[in-house]
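Report on the following structure.
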Amino acid sequence: MDKKLNANLLILAWFDHNKRILPWRNTKDPYKIWLSEIILQQTRVQQGIAYYERFISHFPILEMLARADENQVLKLWQGLGYYSRARNLHATAKYLYLHEDSIFPDNSQDLKKLKGIGDYTASAIASICYNEVTPALDGNMYRVFARYFGLYDDISEPATKKKFFALGKEIIDRERPGDFNQAVMDLGAMICTPQNYKCEACPLNESCFALQKNVQNKLPVKLKKITIKNRYLHFIYIHHQHLFLLMQRDDKDVWAKLFSLPKVESRKADDVPIFHRDYDDKCRFLYEETHLLSHQRLHIKFWELEVNEQSLSDLKAFWKAEIVSYQDLERYALPKPIEKFMDLRIFD
DNA sequence: GAGCCGTGGTA
DNA sequence: TTACCAAGGCT
């Protein structure tokens, strides 16, 4: 039997008996499928489930998400990372509500025009909700195909994406494209994992190139390495009793539009930060930590400055910040290091 | 199109 | 400790 047709049948048969039970698995509601796919971009299922439940609970239908405040959406997204996903999610909800009568496009080509929906997500939604025969090419599909067929193409190359997509189009089940896409993802997440792959339990283990040659750990090939840049950030907790300054971050840096403490950045690790020359001798160093992003290593120092009411007001104007109390934080999305810092502050 | 955008799990 | 990378997309 043709190896590609064989793979299709084996993967689907395996899926029918081994698929994961997930909150978005028993619906074809494009709103719910869309939400789940955005949440799961570059995110593990285990981490995404709680966020999915929370969003559905707050916004059962698209209209409610569309009418929400962006800061509320960001707050619900807090801790999940890649916050542009939340901003695009909200923008797309508003667009569909205001201009498309809350109706999603029913094909991948038009879905791709929406903010936050790229090739993968468009195919996932279209195949699951509308039975469009289009492969959802994600990290799992790259890995399963590369290993099963013995493809050594560098998956960070755009040309490889075209090749794998074309291959996926040949293999995908014509009758059950959505199930096929999800089957490959389950296989990649449960069996054909990057490490500790469980080939003995794999439905493809009688004809897998990587298993036969014992090169599972060589595939897929990914050559590009990301470079990590060091940054030295100083955050200052400027407060009068339990009132303190908080400010929204701009959209040209990490954690865009999230809320944070007044910040100064320095060139080197041991540079003394200059927050405000009238107050710098009163700033007290609290602690430091290293926070890792996908592409930056942030060396963060936290400082404290206790001031009177008038100074707090002056410094609020200086930083263009807001004066808030701890209870107000339920309305503001915070980056993880700031969230941790505020959790420590409450025990003052 | 290469670089950027988070957090957490794992080895 | 470091590196990889997870249901990618945007600029």
Side-chain angles (χ1 to χ4, degrees), chain A residues 19-20 22-25 33-52 74 77-89 91-92 111-128 135-144 154-162 165 168 178 180-190 192-197 217 220-231 249-258 260 290-298 333-340:
Chain A
K19 66 179 167 191
R20 291 176 288 183
L22 300 170
W24 49 85
R25 274 276 163 88
I33 298 300
W34 165 66
L35 174 63
S36 73
E37 291 299 342
I38 301 300
I39 287 176
L40 292 171
Q41 287 169 2
Q42 294 290 284
T43 303
R44 292 173 194 281
V45 166
Q46 266 324 316
Q47 192 189 5
I49 289 177
Y51 285 85
Y52 174 82
L74 283 169
W77 203 271
Q78 176 178 308
L80 196 55
Y82 284 150
Y83 297 96
S84 66
R85 290 182 293 170
R87 299 193 302 274
N88 287 333
L89 183 85
T92 289
L111 282 163
K112 220 181 302 184
K113 296 173 184 168
L114 301 173
K115 284 187 182 178
I117 298 184
D119 292 333
Y120 160 77
T121 305
S123 283
I125 297 171
S127 65
I128 293 170
L137 183 53
D138 73 327
N140 291 304
M141 195 172 281
Y142 272 119
R143 190 169 55 255
V144 170
D154 177 5
I155 65 167
S156 49
E157 291 295 328
T160 306
K161 184 172 180 177
K162 287 186 178 179
F165 185 82
F180 176 84
N181 281 331
Q182 296 180 84
V184 174
M185 291 190 263
D186 273 15
L187 190 65
M190 301 161 70
C192 194
T193 46
Q195 290 114 14
N196 292 336
Y197 23 82
N217 61 352
V221 175
K222 190 157 128 187
L223 296 181
K224 256 177 214 159
K225 309 283 184 202
I226 58 163
T227 57
I228 294 195
K229 169 178 162 188
N230 284 300
R231 292 177 67 183
R249 295 175 58 82
D250 67 51
D251 52 7
K252 302 182 189 305
D253 197 0
V254 294
W255 301 318
K257 293 192 130 181
L258 271 64
S260 183
T290 303
H291 185 78
L292 295 174
L293 306 178
S294 53
H295 55 294
Q296 296 184 29
R297 184 181 293 106
L298 302 180
L334 309 178
K336 185 56 76 174
I338 305 297
E339 178 191 357
K340 283 193 279 186

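- Note on A:G79: only backbone sugar-phosphate atoms sit closer than 4.0 angstrom, heavy atoms only; bases stay farther off.
- Residue A:R25 is in base contact, counting any heavy-atom pair closer than 4.0 Å across all strands shown.
- Taking the charged nitrogens against the carboxylate oxygens, A:D186 and A:R20 do have a contact shorter than 4.0 Å, which makes a salt bridge.
- A:H291 and A:W255 have tilted rings, their planes meeting at an angle from 30° to 60° on a 0 to 90° scale.
- Using a 4.0 Å heavy-atom distance criterion, A:N181 is classed as making no nucleic acid contact.
- A salt bridge does not link A:D251 to A:R87: none of the charged side-chain nitrogens sits closer than 4.0 Å to a carboxylate oxygen.
- As judged by a 4.0 angstrom heavy-atom cut-off over every strand, A:A136 is placed among residues making no nucleic acid contact.
- For the atom pair CD1 of A:I38 and CD1 of A:I125, the computed distance is 6.0 Å after rounding to the nearest 0.5 Å.
- For the P atoms, the distance linking C:dA7 with B:dT10 amounts to 13 Å, nearest Å.
- Nearest to the side chain of A:Q42, among B:dC5, C:dG9, C:dA6, sits C:dA6.
- Using modelled atom types, one finds no donor on one side chain facing an acceptor on the other under 3.5 Å when comparing A:Q42 with A:R85.
- Among the atoms of the strands shown, base atoms are found under 4.0 Å from some heavy atom of A:E37.
- Spacing between atom CG of A:D186 and atom P of C:dA6 amounts to 15 Å, rounded to whole angstrom units.
- Distance from the side chain of A:Q47 is smallest for B:dT7 among the nucleotides C:dG8, C:dA7, B:dT7.
- Closest contact between the side chain of A:L40 and the listed nucleotides C:dA7, B:dT7, B:dC5 involves C:dA7.
- Residue-level contact check: A:Q46 touches neither bases nor backbone, having no heavy atom under 4.0 Å from any strand.
- The separation of B:dG6 from C:dA6, taken at their C1' atoms, amounts to 12 Å, rounded to a whole angstrom.
- Using a 4.0 Å heavy-atom criterion, one finds that A:W77 contacts no nucleic acid atom at all.
- Residue-level contact check: A:L137 touches neither bases nor backbone, having no heavy atom under 4.0 Å from any strand.
- Base engagement by A:L80 is indicated by at least one non-hydrogen atom pair under 4.0 Å involving a base atom.
- Residue contacts shown for A:R87 are absent, as no nucleic acid heavy atom lies under 4.0 Å away.
- Across all strands shown, A:T121 has heavy atoms under 4.0 Å from sugar-phosphate atoms exclusively, and none from any base.
- Distances were taken from every side-chain heavy atom of A:P158 (C-beta onward) to each of B:dG8, B:dC5, B:dG1; the shortest belongs to B:dG1.
- Using a 4.0 Å heavy-atom criterion, one finds that A:I38 contacts no nucleic acid atom at all.
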